[in-house]
Trainee: 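Supplied in structure tokens, the structure appears directly below.
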Protein chains: 2
Amino acid sequence: MTNNTKRDRFFNLTLVLIHEKGFKATTMRAIAQNLQFEVANVYNYIASKESFLEESLFGIQQEFLLAMDTIEHSEYDARKKLELVIGSYIQITSERPYEQALLVNEWRNLKTPKLEEFVKRRREYERQLETIIQQGIEMGQLRDMDSELATKMILSTLRWSYQKFLSNKAQSNPLILEKQLIDFIFHGILMK
Amino acid sequence: MTNNTKRDRFFNLTLVLIHEKGFKATTMRAIAQNLQFEVANVYNYIASKESFLEESLFGIQQEFLLAMDTIEHSEYDARKKLELVIGSYIQITSERPYEQALLVNEWRNLKTPKLEEFVKRRREYERQLETIIQQGIEMGQLRDMDSELATKMILSTLRWSYQKFLSNKAQSNPLILEKQLIDFIFHGILMK
DNA sequence: TATTTACATGAACACTTGTTCATGTAAACT
DNA sequence: AGTTTACATGAACAAGTGTTCATGTAAATA
């Protein structure tokens, strides 16, 4: 019913195309041409250009939210939770790098009720991460710092990581990258 | 000749609008409406929508390249050079946050010869930064690590900083932010 | 065998896009 | 006083946009 080869091909190739050109710049005709058929046929796969974006975005965002919820409700300490957040982030990203690229670069193209919903959920994710960092500071595991700034810096470091898994280059090993990112975020770059 | 109030107003407000809506989503008619005049009048300020993007992008990019060149040719050690790169990055960003936002978010919209030129210059900037990091590793000032990855992580941390200077929020003090970013990049977040 | 399903086409639609052109006006220079 | 300069308008354009509709076909299912 849903697990069809042609359908998969459509979604995979379209995600790559949108990543390369940008959502707005990717026309329905370009999507069709990329798959070697006519424009009208695109509507046998998706209801609209807008709905394709919405479903891709909310689909992958949900993955991140679920991972964060699981970690938040666990019994680990803040440092371990932070490691798990980074680990889950890299794992999801390595499995679905093009959807993650969409999440990072194309969410602005959502229209008005969906856009607010998206931003609200993202803020919730950030708030959960910031809470973990605050706990780490209180417990003395993390240095005393501006927790909001730390949250933003960590996320900006993670957000970039999808580039390591795009299919046009030698792909990284997620576990190695995870270790490198934890190293950077925890210890910085300076020699001790 | 060039320092006209109305011109300044045009460029400032248009940069804000493009930052809010995105370049592709910002129509010439929206730019005109934002300034309370008619579409045709926009062409008294700029030659085309495309040229506006090009000139904004290459203008601010040049600032970064010049700062990097000065630092590269200085006699400081790698650690000090890295501090200067971060400092100049934050200073430029704090002075022109909306152009920096354009640089980060809208460079994809450049068309084919200009796009390659832009990417080439950005790569050169990244290469210069990576060289400094490599020197730091060789001199034992920085930990032994993947210098390319370190470069990307540092830049992704810096790229996000323009958000701290947008006019719709309480603006940060550039010098304080610079110190916080150097702290994060050099020492990470873990308590020693 | 009959029928549903998935995939495909081509023509047309209403609308939006960036841009141009001819023209106008008020202030600033010469 | 005459002329250049900066700023402004309204109408029109050609091209491109997402989407719809009626229709077709070959394979899977009943």
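Heavy atoms only: backbone and side chains are in, while hydrogens, waters and symmetry mates are out. Each chain gets a letter, A, B and so on, in the order the sequences are listed, and its residues count up from 1.
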Trainee: Regarding A/Lys81 and A/Glu72, does a basic nitrogen lie under 4.0 Å from an acidic carboxylate oxygen?
Mentor: no
Trainee: Take atom NZ of A/Lys49 and atom C1' of C/dT16, then tell me their distance rounded to the nearest Å.
Mentor: 13 Å
Trainee: With B/Arg121, which residues qualify under side-chain contact (heavy atoms from CB on, under 4.5 Å), at least two apart?
Mentor: B/Phe58, B/Gln61, B/Gln62, B/Leu65, B/Glu117
Trainee: Name every donor-acceptor pair, under 3.5 Å, that has one atom in a side chain of residues 21-43 of chain A and the other anywhere in the protein, sequence neighbours excluded.
Mentor:
from: A/Thr26; atom 1: OG1; to: A/Gly22; atom 2: O; distance (Å): 2.6
from: A/Thr27; atom 1: OG1; to: A/Ala30; atom 2: N; distance (Å): 3.0
from: A/Asn41; atom 1: OD1; to: A/Asn44; atom 2: ND2; distance (Å): 2.7

Trainee: How close or far is atom C1' of D/dA8 from atom NZ of B/Lys6, stated in whole angstroms?
Mentor: 8 Å
Trainee: What is the distance from CG of B/Leu53 to P of C/dT17, rounded to the nearest Å?
Mentor: 17 Å
Trainee: Using a 3.5 Å distance criterion without hydrogens, assess whether the side chain of A/Ser161 forms a donor-acceptor pair with backbone atoms of A/Thr157.
Mentor: no
Trainee: Enumerate, atom names and distances included, each donor-acceptor pair closer than 3.5 Å involving a side-chain atom of residues 143-151 of chain A, sequence neighbours excluded.
Mentor:
from: A/Arg143; atom 1: NE; to: B/Gly188; atom 2: O; distance (Å): 3.3
from: A/Arg143; atom 1: NH1; to: B/Asp183; atom 2: OD2; distance (Å): 3.4
from: A/Arg143; atom 1: NH2; to: B/Asp183; atom 2: O; distance (Å): 3.4
from: A/Arg143; atom 1: NH2; to: B/Gly188; atom 2: O; distance (Å): 2.7
from: A/Asp146; atom 1: OD1; to: A/Glu148; atom 2: N; distance (Å): 3.0
from: A/Asp146; atom 1: OD1; to: A/Leu149; atom 2: N; distance (Å): 3.1
from: A/Ser147; atom 1: OG; to: A/Glu130; atom 2: OE2; distance (Å): 3.0
from: A/Ser147; atom 1: OG; to: A/Gln134; atom 2: NE2; distance (Å): 3.4
from: A/Thr151; atom 1: OG1; to: A/Ser147; atom 2: O; distance (Å): 2.7

Trainee: Enumerate the residues from residues 34-48 of chain A whose closest heavy atom to DNA chain D is under 4.0 Å, giving them by residue number; use none for an empty result.
Mentor: A/Val39, A/Ala40, A/Tyr43, A/Ser48
Trainee: Could you list all the ring-ring contact (aromatic ring centres under 6.0 Å, His included) pairs where at least one residue sits in residues 81-136 of chain B, not counting sequence neighbours?
Mentor: B/His19-B/Tyr98, B/Phe64-B/Tyr89, B/Trp107-B/Phe118
Trainee: When you check the gap from the basic side-chain N to the acidic O, do A/Glu106 and A/Lys49 get nearer than 4.0 Å?
Mentor: no
Trainee: Just checking A/Lys120: does its NZ atom have more than 12 heavy atoms from other residues, nucleotides or ligands closer to it than 6.0 angstrom?
Mentor: no
Trainee: Send over the distance from B/Glu50 CD to C/dT17 P, rounded to a whole Å.
Mentor: 17 Å
Trainee: Would you mind reading off the distance between A/Arg9 atom CZ and C/dA6 atom C1', rounded to a whole angstrom?
Mentor: 16 Å
Trainee: Among residues 24-33 of chain A, which ones have heavy-atom contacts with DNA chain D below 4.0 Å?
Mentor: A/Thr26, A/Thr27, A/Met28, A/Arg29
